[in-house]
Structure formats: C-alpha cells, structure tokens
Amino acid sequence: MRLRPLAETAALALWALLAAAGCGGGEAKRGERAGTYGGTLVVGVETDADALSPLTSTTSTGSDVHGVLFAGLASTNPDMATYSPWLAESWEFSSDHRSLTFHLRRDVRWHDGVRFSAHDVVFSIPLYQDERIGYGAIRWLDHISDVVALDSFTVRFGFDAVYPYQLTDANVGRPLPRHLLEGVPVEELRNHPFNRQPIGTGPFRFADWKTQQTITIVANEDYFLGRPGLDRVVFKIVPDQTSLLTQLKTGEIDFYPKFPPSAWEELSALPDLSVVRVPSRVYYYLGWQNAHPLFSDRRVRRALSMAIDRERIVSTLLHGCGRVIEGPILPFLWAYDPGIPPIPYDPEGAKRLLAEAGWVDRDGDGWLDKDGRSFEFTMKTNENNELRKDIVVIVQDMLSKVGVRLHPETLEFTVFIEQTNRKEFEADCHGWRQGVKVDLTSIWHSRAIEDKYNQVSYSNPEVDRLIDEASLELDMEKAKTEWSQVQRLIAEDAPYTFLFNIDDLYALDKRFRNVRLETYAWTFNLHEWTLGPEEAPPLPGVAFLR
Amino acid sequence: MTGFILRRLGSAVPLLLGIATLVFFVVHLAPGDPAAIFWNPDADPDVVRLMRENLGLDDPLPVQYGRWLASFLTGDFGYSFGHRRPVADVIADALPNTLLLSGVSLVVVFALGIAVGVVSAARQYSRVDHALTFLSFFFYSMPGFWFALMLLLVFHYHLRWLPADQMTSISHIYDSLTPLGKAADRARHLVLPATALGLGAMAAVARYTRASMLEVIRMDYIRTARAKGLSERRVILVHALRNALLPVITLLGLYLPFLFSGAVLIETIFGWPGMGRIAVTAIFQRDYPLILATTFVSALLVVGGNLLADVAYGIVDPRIRRGGGAS
C-alpha cells in the first residue's frame, strides 16, 4: 500500500475539483420577480452575428439585434403593406409622386447623446447605395436620385421613377450616426469598429459582444417612445441544438426562436413554456430545370406535382407546422390569391398525364421510358438542412410509385448555391424567404434567367408582361388583380412543385408578457415585452397565431 | 540541445510555408463560393458579384497567391470575410480560449493518466487494476460527442451542478461577481468540456503507462534497486517511472493535434468560443483568409507540439540530449 498517497492525492484532487465546481451550482433563475420595468430576457440563437450595423450585417442574428438598436423613419406594420410613424412623425408625396418628404421628430438622440437630425439621413442613404460596401438590399435604392435636408428636421427623397414601393425603398436603409462615421473612407466601412460598437436611436442600446458567446443589449432609458419594459436582452450563442433545448428546459435560456419542428411535441409538454407557431416568410419548393429536355413539357411538370403528396410531407416532416401552397406569393402578403386552383395529389392521374407526354414503361423494367431514355434524374439539395434531405428521400419514394427514378445528391451549402445559381442542376429542393415587397421579377421574369434568381429558366411572355405592369401599378386593387393572374399562370405552368409555407416555432418562458410574435419579425414589439405582472395574460400554452 | 532545437526550428519554416501554400491552393480549387454568404433572396445577385470583385476573388489564382503570400510574410493575415474584422483579431480572441481548454485537458490527461497507469502496473491483476482497466477501456471506446452530451445531461440537466456551456456566466451576472467568484465561475465552466475532451485520451495514456511500467519493472536494475533496500515507493516513482515515461512522452507530441481536432466537436457542444468552431465555420463559408490563418496556426501548434515532445525526450533520456541516441 505504499503507492496509496499518490492515488489518494489524485482522487482527492479530482473530487476537490468536482466539489468546488459543484458548490456554486444550481442557482434557480425561474421565479425571478420584477415589476413593470426590469428583468433579463435570454435568447438562445445558434449562430453568432457578423456585424451589428444595418449597413453591413448579413446574418439573421445580426439583423435581430440591429433591428432593435436602430430606428427607421417609419415602422413597417405587421401587414407589411402599411407604415406607422417612427423617427418621422409624418410624410407626404409631391403631386407628381416623384419626391417624398419626411418630417422628423425633434426629440431624438443617438445612444451617445448627440441629437439626431435630417443630416444623418442625408449622410446615410448614399452609403446604402454605395457599391463598394455591398448593402444586401442595395437595388431597392436604385430609384432614389437624391436626398436633401430642407431643414434640420425635414428631409426630402427624390425619385427618378414612380412606382408603388417608393415609401418602402426610402425607408429600408435605417439612419446611421453621421457624427461617428463621417470621414471614414468608404472602403473601410465594411470592417469598421462601428460594426461591433453600434450607436443607434432605437429602444435598446448596445452593451457588449463576446464573440461566439453573448451579445448583450440594454434598455435605452431615453428612447423617444418610452423606455422598454425589459432591462436587458442577452443573445446567447449556442451552436449545438441539443444543448440549446436542454438549456431551455433548465431555464438558462428563456426564449428559443425558430426551433426545429422535431422538438415541437417535447417542448409543448413543458408547463413553464409557451410554444407558439407563426407562419414564416419561407417557402420550400422542388425546382424543375425547365430548359432541360426532361422537364420542358408542362404536362410532365404537372404530373410530377400530382405524384407528390404534399399534405403528407407537411404532416410527417413538419409535424403539421406549415401549410401546402400553390403559388409564388405567400398568404401574409396583400397580393396573395387564395383561389388558385390546386394541383391535386393523384398518382393515377399523374401516370395518365405522363403517358400522354410519351412516357410509358416500354421495356417493363418498372421505370418509364421514351425514345430509349429512362425517366431518371438527379435532385440536388444542401447539407446541414435535415428537412430538405428528408423531403428529397420522401419524394424519391413517391415518384418511384409512378415509375420515375430520382437520384438524391446533397452538396455543401456554398457549393449548392454556386451550382443552382449557374443552373447546373436537373432538379433541386430549395427554399425562398419572401421579402416584404411583392416582387416576382427577380425569380419569375424571363429577364432574370440570365443572371438573377430564375434558376429554373422559367419563361412565359404573358407572365413577363403582367409582372412589368403590376410592378408599376399604383392602384392597389388593379395591381392585386394583375398579381392574381400572375400567380394562376405560374401555378398552371408548374415550373416548381410548390411544397409548403413553413411555420416559425417559438418557445418562450411564460413569465414574459405583452409579447407579439409576428411573421414580419419576432422582434416586432420587443420593446414592449415585460417580465410579469402576473395579472397580464401570458401567451397561451400552445398557440397558433395568425 | 540548443543546436538541436535550432535545427528543428530551421526545418519547421519551409514545412509551415509548404503547408500554407498547399492549403491555399486546395481551398481555392475546391468548389464553393465565399460570396455565397451574401446570397439571400432580398439581396441582388449584383451584390454578390460586386463583393467578389471587392474581395479580389475574380483575379487569376497565381495573382491571388502572390498577393496573399506578400501580405502573409509581412504578418498581415488580411480581413475575415465572415467576421468583418482583421483575421489576426479573430484568432487573438479564439486562440487563448482553445489553449486554455486544451491545456487544462492535457494536464489532466497526463497527470491522471500516468497516475492511473502506475497504480495499475504496481498492483497488476489486483481488483484495483481490473477496475481501472475496465474503466479505461470504457472511456476510451466511448464516442466523444456522445460522452459530452451525457455529461451535459447528468451534470447540467439532472443534477444542476454545472453550467452547460460557454466560458463564463452571461456578462451582467459574471461582471457582478467578486474576483474570487469570477475565478470559480470560470473553473465551473471548464469542468465539463475539459473532462469530455480529455477523458478518452486519459484512458489511453493510462494503458500506455501501465504497459510501459510493466516492462520496466521486470528490468534488472529495478531488482537491483529493490535489493539495495530502497523503499518500494522510491523504486516505482523514481527508478521505474522515469524510464517508463519515454513512450508516454511520444504520446504527448501526438496528442497535441488530437486535442485541437477533438476540440471542434467539444467546442460546438459546450459553446466554447475557440479555434475549432471558428475554423469549421470558416471552411463552410469559404472564408479563405480565415481558413488559411487557422490552418497555419494549428500547423504551428502541431510542429511546436512535436518539438516540445522531442525536448522532453531529451530531458528524460540523457542519451538523446547528447545526440547519441535515435531522435
């Protein structure tokens, strides 16, 4: 037993370590009380931000954060068609509709105390338009020809065209502080320290950012619309989904926006949490390369859509958290047409339609053929998206029942994007996030085949004409009729098999009140959220908000 | 010894440069577009083209290589596409975190591993030995990511003893702690990831030490030492252990890179803001400057680790120090 001291020391050291580590543990965060103001919301997100400035950020975490740090001239209402005053108290168009004048509030200060004025707006817009910076929505500002300060609190936007979304486009680039960024060479703005130390005019102020760990923002006591209800919002970066779900259960995280549908049932069963579904702005589709000989025939594309049971995909893979769609405009947009004739699930009909197009199993091998060529093709999708990979497998099975052979191919995300943009695919499983504008040009117009997002090479002259007209139509009712025709024509041509509009799923600790989660953005009324009081109703346990 | 170290350092320079060059061409020739991070339906494809142009990605590869090499040799790693700041800053943030995690892990791996191995060998075929052998194989054969999740489940979720992730509690709570409290907070956050990262390797080290000890214990000089009347403790810990450590030290050099590669998964599961996570994200985003820099840093660590092992060899084995033995 002479060796004992060594072994004992080792064991003791280990236990001491574990004990020391354990003794401070187990602090219960749930049950923390707070009055009208105060409290911390911990939001679990899977990825870090790249920048916290609206000018340069391209990540969703970045935009969640800068969306509440920076105020805009007008705020988008949840209907995504109308606006409410924000930094601007009012605005009006000139009689020829070529200039738009905003009257700004006089009581707004930047988070560092400097007064906000029209000069900040005049300074900011050219930055959003500058190609060297690469602002994502840069093309939205194409028709803004000049921005002039008429006085310190009045700013006028001049346009070189008249179209329905002038107000939206004038409002997209949120004002940046001139006093901090003036004189910085444009080339340096992308990598400027302002991206990590943002100063805005919004309801929350930036506090700190620990890379890959947390981003903390705190209440702006001087917010011009009144102090936010919460003291602090912490975005905690948790790259592992299992860990994120675990921490939601232990109360270390209060809010998990956009959790995966597979966790729906597990989280619904927890008494401390509200679990909420909100229709998202995202839809999934199967794209058929219309320029490919296999898919150039509309009957073939429609037959493939008929062979796919989309309701079953929604009920099994999405656990019901979504809805089948028939066309390219989602229900949340004003131009949505609910009356598009649906393509029914009808495998027998699909077989008949395929036979009509010449696809019959002549050699008796179980797969359709025509001119000696068997009906088989590759469907591409990306890695890191379990849902898409599962869809492709289910579709493979469904198509095999009508004699069509699908070979799945998964690619790394950047490779997939590169190949689909170059149209190097026969079929793909993909998705779009719909913007706030009704804009079908960049995906459906034949002009967009060459170098925009018309990756399936869809071309219908009538659709082109209607899109051009509707995009310039100022009369909303007339525009709506035109958009409706576009949707019906596209649905009929079936260049995609439109799959579903997926729901965003949110899990939130029930102590938080006055919460509105909107399709537009979950941060929509973050400044109004409060911890308690107990009298106010919490979000329902399990809810489907529409 | 100094000459030996200098020679090794001299040969490391072309090696590192070669690695960096190879990686440069491999990542640039691999399919995938770094500008894809700018891709989203709200963004115009023009933006993506503009960014490619701004980032110099449209130039011929040899031109890009020349430009990169020139700035690289002057110590300028460039700007990360994804993080929007100098690559040097990104690395300066992440490297100390990884070194802390791997360092603690490494100490635990070798301190505990050697201790367990020595106990096992000294008491061969005893119940203690059997128990330790069983446990060693158990931990050694367990997949790291699964073990990490089990630790999380037991110590965070069920027992609520330890925090699940990150290096400290969230900022405002951490900032309110006393200096001692801050140290304890950091220690608590280290326990699970360091254990998950090190336990498998520790088991392996224990097995190696045991085997090596058993070999040494049978040597004549051990019998001599015992015959001289030295205490058993002195025989084992001084005479036997020092000689038995030689193969274990080789392991040290081999495990350094392992700790960095293993750290990728562990860092993701425990939300540790280290090099592994940064490297993986950089690869998926095709963030060329950052990929090159992280690869270079890990190559540097591997080469350094091997050098360290060689030096340690020299300390334990005088024959190598004098340049007589195999190196």
Side-chain angles (χ1 to χ4, degrees), chain A residues 2-3 6-7 10 14 17-18 20-22 24-26 40 42 50-51 56 58 131-132 134-139 190-191 195-196 207-208 210-214 216 232 234 236-240 242-243 246-247 249-250 252 412-415 417-418 421 432-435 442-443 451-453, chain B residues 31-34 36-47 50-51 54 79 82-86 93-94 111-112 115 118-119 122-123 149 152-153 156-157 160-167 170-172 184-185 187-188 191 231-233 236-237 268-271 273 277-278 284-286:
Chain A
R2 283 194 185 130
L3 276 173
L6 179 68
L14 184 66
L17 192 68
L18 284 175
T40 299
V42 182
D50 54 343
T56 52
T58 57
E131 303 199 324
R132 288 165 294 179
Y135 173 58
I138 187 168
R139 290 286 161 256
R190 282 192 65 75
N191 303 318
N195 288 327
R196 300 184 67 83
D208 86 354
K210 292 199 169 116
T211 309
Q212 308 279 357
Q213 296 190 86
T214 51
T216 306
R232 193 180 292 104
V234 179
K236 185 172 181 190
I237 297 126
V238 184
D240 185 68
T242 316
S243 178
T246 309
Q247 294 185 52
K249 291 183 199 165
T250 56
E252 208 150 302
E412 219 185 300
F413 180 72
T414 52
V415 180
I417 295 303
E418 196 182 32
N421 279 338
W432 291 118
R433 181 169 177 275
Q434 199 143 69
S442 64
I443 299 177
D451 57 356
K452 293 251 166 47
Y453 294 119
Chain B
D33 182 0
I37 56 168
F38 301 106
W39 179 92
N40 80 71
D42 278 344
D44 196 276
D46 285 352
V47 176
L50 287 168
M51 290 331 291
N54 292 350
Y79 279 88
H83 293 258
R84 302 294 164 69
R85 51 192 198 129
D93 268 359
L112 286 183
V118 168
V119 172
R123 305 173 55 80
L149 288 175
L152 200 63
L153 196 66
H156 173 69
Y157 183 61
R160 309 265 167 127
W161 282 3
L162 292 167
D165 66 346
Q166 307 206 333
M167 292 182 66
I170 49 181
S171 307
H172 67 284
D185 187 69
R188 290 182 55 216
V191 177
S231 71
E232 181 68 13
R233 189 172 161 189
I236 297 286
L237 291 186
T268 303
I269 293 172
F270 292 105
R277 261 167 80 191
I278 282 179
F284 282 130
Q285 292 183 341
R286 296 290 187 275

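Values below: all heavy atoms of this structure, side chains included; hydrogens, waters and symmetry mates excluded. Since the model is a prediction, treat every value here as computed from it, not as a measurement. Below, chains carry the letters A, B, ... as their sequence lines are ordered, and counting in each starts from 1.
A donor-acceptor pair shorter than 3.5 Å can be found between the side chains of A/Gln247 and A/Ser243.
When heavy atoms are compared at a cutoff of 4.5 Å, A/Gln212 approaches chain B by way of both its backbone and its side chain. For A/Thr211, the parts lying under 4.5 angstrom from a heavy atom of chain B are both the backbone and the side chain. Heavy-atom distances place the side chain of A/Thr216, and not its backbone, under 4.5 Å from chain B. Residue contact with chain A, scored on non-hydrogen atoms closer than 4.5 Å, involves the backbone and the side chain of B/Tyr157 alike. In this structure, the portions of B/Arg85 lying under 4.5 Å from any heavy atom of chain A include both its backbone and its side chain. Of the two parts of A/Asp50, the backbone and the side chain both hold a non-hydrogen atom closer than 4.5 Å to a non-hydrogen atom of chain B. The parts of A/Gln213 that come within reach of chain B are both its backbone and its side chain, each placing non-hydrogen atoms under 4.5 angstrom from that chain.
Contacts with chain A were tallied for B/Asp165, B/Leu149, B/Leu153, B/Asp93; B/Asp165 has the most, counting heavy-atom pairs under 4.5 Å. Ranking A/Lys236, A/Arg132, A/Lys210 against chain B, the residue ahead of the rest is A/Lys236, based on heavy-atom pairs under 4.5 Å. Heavy-atom pairs under 4.5 Å with chain A peak, among B/Ala94, B/Pro31, B/Pro86, B/Ala111, at B/Pro31.
Heavy atoms only, all atoms of each residue included: B/Arg84 and A/Ala51 are closest at NH1-CB, 4.1 Å.
The closest side-chain heavy-atom distance from A/Ile417 to A/Asn421 is below 4.5 Å.
Taking 4.0 Å as the cut-off between side-chain N and carboxylate O, A/Arg139 and A/Glu131 count as a salt-bridged pair.
With sequence neighbours excluded, the residues satisfying side chain to side chain donor-acceptor pair (under 3.5 Å) with B/His156 are A/Thr250. Residues passing the side chain to side chain donor-acceptor pair (under 3.5 Å) test with B/Gln166, sequence neighbours excluded: none.
Side-chain atoms of A/Arg190 do not come within 3.5 Å of backbone N or O of A/Thr56 as any donor-acceptor pair.
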